[in-house]
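Heads up: the structure comes next, in structure tokens.
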Amino acid sequence: MTAPLNRVVTNGHLWEIDEDSLEAFEAGLRGSEASSEWFNLRCSAERIALNPGFDRLITLDCNTIRELPHQIDVALRVLRRPMLGRAILADEVGLGKTIEAGIILKELAVRGLARRVLILAPASLVDQWQAELDTKFFERFDTPTEPQDWRETQKGIVSYQRAISPKTRREILKHRWDLVIVDEAHKVKNHTGATYQFLQEVDRNFVLLLTATPLQNNLRELYNLITLLRPGQLGTWSQFRKDYVQRGDPRRARNPEALKELTSQVMIRTRRSSVGYGSSPG
């Protein structure tokens with residue numbers, strides 16, 4: 001049974017604390033003696049409490065990577081308004097989308113906002129995600145292979161194929177997920193596809209869609225991804241097509257500047273030409 005949550009709003013930001021953790025922390029505060037471990041824990045908690053918002057990143061010393069400036073900038077933009085943790089990370093290949101997602105995950109987790117996390121990836125990348133999150137961010141994720149394993153999974157990575165299998169799908173959909181990350185999200189762009197429809201049903205708060213190619217064949221693909229991320233952002237498909245799709249050429253936008261303004265509220269695309277130094281995997 002999940003412990004009830006205390007919800008506290010500080011400086012406009014929602015914090016959630018489960019009763020068990022709160023009672024343990026209060027018991028430690030009442031104790032007359034404390035170990036060095038407890039002292040360090042309390043100091044860390046107080047530092048976090050003093051930084052409830054996202055004016056700066058507070059976990060950059062809690063990983064083994066050398067973040068590049070654009071990766072830090074992307075993380076801050078995603079965590080702040082207007083994105084508030086729901087974004088398409090569309091950097092060109094090699095600029096570090098996985099690193100950016102890891103930074104965002106860590107920032108949400110340390111604030112208690114991402115206790116239950118679901119990552120969807122192609123089957124060939126599941127083990128890679130698990131290894132990188134462990135070695136680079138010290139985040140341990142399970143890769144459940146049996147449907148019943150999801151009943152106890154707090155942080156899990158699953159392939160598209162396994163996620164949409166009937167029994168696994170049913171178990172995943174029983175839970176509310178604080179953060180959902182979808183790698184190579186262009187593979188789920190078809191709104192009639194099983195994975196897209198599964199993601200629409202997932203009860204979640206924060207969402208990150210990672211893809212270097214948010215638009216491949218036509219603007220319907222971009223519309224689908226943004227609607228999956230933030231339903232209603234682009235209105236209905238018929239209205240979007242009327243306002244923004246060039247008649248006779250579904251790849252070309254009508255009113256491109258207006259469309260760019262709309263998409264910039266949910267999508268970040270860093271290009272190699274704008275990064276004047278080396279790149280990192282991801």
Side-chain angles (χ1 to χ4, degrees), residues 70-71 74-75 77-78 83 85-102 104-105 117-129 132-133 157-165 169 172 177 179-202 204 206-234 237 240-241 244-246 249-253 256 259-260 262-275 279-282:
H70 77 272
Q71 294 166 348
V74 167
R77 289 175 62 189
V78 169
M83 295 186 181
R86 288 175 171 246
I88 298 174
L89 304 185
D91 292 0
E92 291 184 340
V93 174
L95 294 183
K97 293 183 292 297
T98 303
I99 296 299
E100 293 162 1
I104 294 164
L105 160 64
V117 183
L118 174 67
I119 298 176
L120 274 80
S124 60
L125 298 179
V126 167
D127 290 342
Q128 180 179 322
W129 265 96
E132 289 202 10
L133 288 172
I157 308 171
V158 64
S159 69
Y160 303 142
Q161 298 92 324
R162 194 182 297 276
I164 63 175
S165 62
R169 173 194 177 102
I172 292 176
W177 299 91
L179 171 63
V180 174
I181 299 173
V182 183
D183 193 16
E184 298 203 10
H186 52 276
K187 294 183 182 294
V188 302
K189 64 196 175 188
N190 184 351
H191 65 289
T192 65
T195 307
Y196 188 97
Q197 293 177 5
F198 162 74
L199 286 167
Q200 283 186 308
E201 293 185 47
V202 174
R204 76 273 189 185
F206 306 109
V207 187
L208 300 177
L209 304 181
L210 281 58
T211 174
T213 53
L215 173 62
Q216 290 179 299
N217 300 309
N218 58 65
L219 285 166
R220 180 63 192 258
E221 298 169 356
L222 180 62
Y223 173 87
N224 288 345
L225 289 179
I226 292 178
T227 299
L228 182 63
L229 184 78
R230 189 174 294 179
Q233 174 73 14
L234 300 179
W237 165 242
F240 176 83
R241 182 173 55 188
Y244 297 108
V245 181
Q246 188 74 39
D249 188 350
R251 286 183 58 88
R252 291 185 59 193
L259 180 58
K260 183 178 180 181
L262 270 179
T263 57
S264 68
Q265 297 174 28
V266 293
M267 183 170 70
I268 302 176
R269 183 160 177 79
T270 306
R271 298 184 182 276
R272 287 181 175 276
S273 57
S274 67
V275 181
S279 61
S280 65

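Note that these values count all heavy atoms, side chains included, but never hydrogens, waters or copies made by symmetry.
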At their closest point, which heavy atom of L89 faces which heavy atom of A101, and how far apart are they?
CD1-N, 4.1 Å
Does E92 reach the main-chain N or O of R272 with its side chain, forming a donor-acceptor pair under 3.5 Å?
yes
For the student: nearest non-hydrogen atoms of P214 and L225, plus distance
O-CD1, 4.0 Å
Looking at R86 and L229, would you say the former's side chain and the latter's main chain have a donor-acceptor pair under 3.5 Å?
yes
Under 3.5 Å, is there a donor-acceptor pair between the side chain of Q233 and the main chain of L228?
no
Counting distance only, does the side-chain N/O of R220 pair as donor-acceptor with the main-chain N or O of H191 below 3.5 Å?
no
Is a donor on one side and an acceptor on the other found under 3.5 Å between the side chain of Y244 and the backbone of L234?
no
Mind listing the closest non-hydrogen atom pair of D91 and K97 along with its distance?
O-NZ, 3.2 Å
Please check if the side chain of W177 supplies one atom and the backbone of I172 the other of a donor-acceptor pair under 3.5 Å.
yes
Are the side chains of L95 and H70 in contact, using a 4.5 Å heavy-atom criterion?
yes
Against W129, only a single residue in L125, V126, D127 fulfils side-chain contact (heavy atoms from CB on, under 4.5 Å); can you say which?
L125
Determine whether N224 and W237 make a side-chain contact, defined as any pair of heavy atoms from C-beta on separated by less than 4.5 Å.
no
